[in-house]
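Take a look at the structure set out below.
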Amino acid sequence: MLIGSDFNRRCETILLAAGDECGLKSGEKISVVDLADKLGLDRVELRHLFQYMVDLKLIRVESIGGPALYGHISLTKRGVLKIKSIKK
């Protein structure tokens, strides 16, 4: 799979929204349904974006269920640092 700048921008958008949901606290559960609704992303796209961010160790899957089989995710410390660098 080729990863382009548009894909990375969508990942950044998800990270920023996730950061808002949890107050930039790593390990806090974030509802995937709420994120999907807030961002208007479909399940297939969301699954690919989440898997990419899991592989980069930016997020962690906390529970199964909901869109793309993920119920909740959480930010890792690395994910929080990435969000802070995006905001600069």
Side-chain angles (χ1 to χ4, degrees):
M1 174 193 311
L2 293 175
I3 307 298
S5 62
D6 186 50
F7 191 89
N8 287 328
R9 275 193 297 276
R10 288 181 282 168
C11 288
E12 288 177 357
T13 300
I14 292 170
L15 282 175
L16 290 169
D20 289 344
E21 290 289 318
C22 71
L24 289 179
K25 294 179 185 171
S26 66
E28 293 284 320
K29 285 187 178 181
I30 303 160
S31 168
V32 171
V33 171
D34 292 346
L35 273 181
D37 290 344
K38 182 177 183 178
L39 298 172
L41 296 173
D42 69 42
R43 292 172 187 233
V44 174
E45 180 180 21
L46 200 56
R47 183 181 70 233
H48 292 296
L49 294 166
F50 279 161
Q51 188 56 55
Y52 178 65
M53 290 187 288
V54 166
D55 291 345
L56 292 176
K57 299 184 183 351
L58 299 173
I59 65 171
R60 201 174 10 250
V61 176
E62 296 291 344
S63 68
I64 303 299
L69 300 177
Y70 301 124
H72 292 85
I73 60 163
S74 66
L75 295 172
T76 62
K77 290 180 182 179
R78 185 176 183 170
V80 171
L81 291 174
K82 178 67 175 175
I83 292 168
K84 289 178 180 179
S85 74
I86 293 168
K87 288 185 173 186
K88 284 185 181 180

Which pairs, with at least one residue in residues 29-42 and sequence neighbours excluded, count as a salt bridge (Lys or Arg N to Asp or Glu O under 4.0 Å)?
E21-K38
Working note: I59 + I14, criterion side-chain contact (heavy atoms from CB on, under 4.5 Å); need CA distance, chi angles, decisive distance, verdict.
CA-CA 10 Å; I59 65 171; I14 292 170; over 6 Å; no
Taking only residues two or more places apart in sequence or in another chain, which ones pass salt bridge (charged side-chain N to carboxylate O under 4.0 Å, His left out) with [X]?
X	result
R60	E62
K77	none
E12	none

For C11, check side chain to side chain contact (heavy atoms under 4.5 Å, CB included) against everything at least two apart and list the hits.
F7, L49, Y52, M53
Quiz: residues 81-88 side-chain donor-acceptor pairs under 3.5 angstrom, not counting sequence neighbours:
residue	atom	partner	partner atom	Å
S85	OG	K82	O	2.8

I need the minimum non-hydrogen distance between [X] and [Y], along with the two atoms involved.
X	Y	value
I30	S74	CD1-CA, 4.4 Å
A36	L46	CB-CD2, 3.7 Å
L75	G19	CD1-CA, 3.9 Å
Y70	V32	O-CB, 3.4 Å

Going by side-chain hydrogen bond (donor to acceptor under 3.5 Å, both in side chains), name the residues that satisfy it together with [X], two or more places apart in sequence or in a different chain.
X	result
E45	R10
D55	Q51
S26	none

Do L35 and I73 make a side-chain contact, defined as non-hydrogen atoms from C-beta onward lying under 4.5 Å apart?
yes
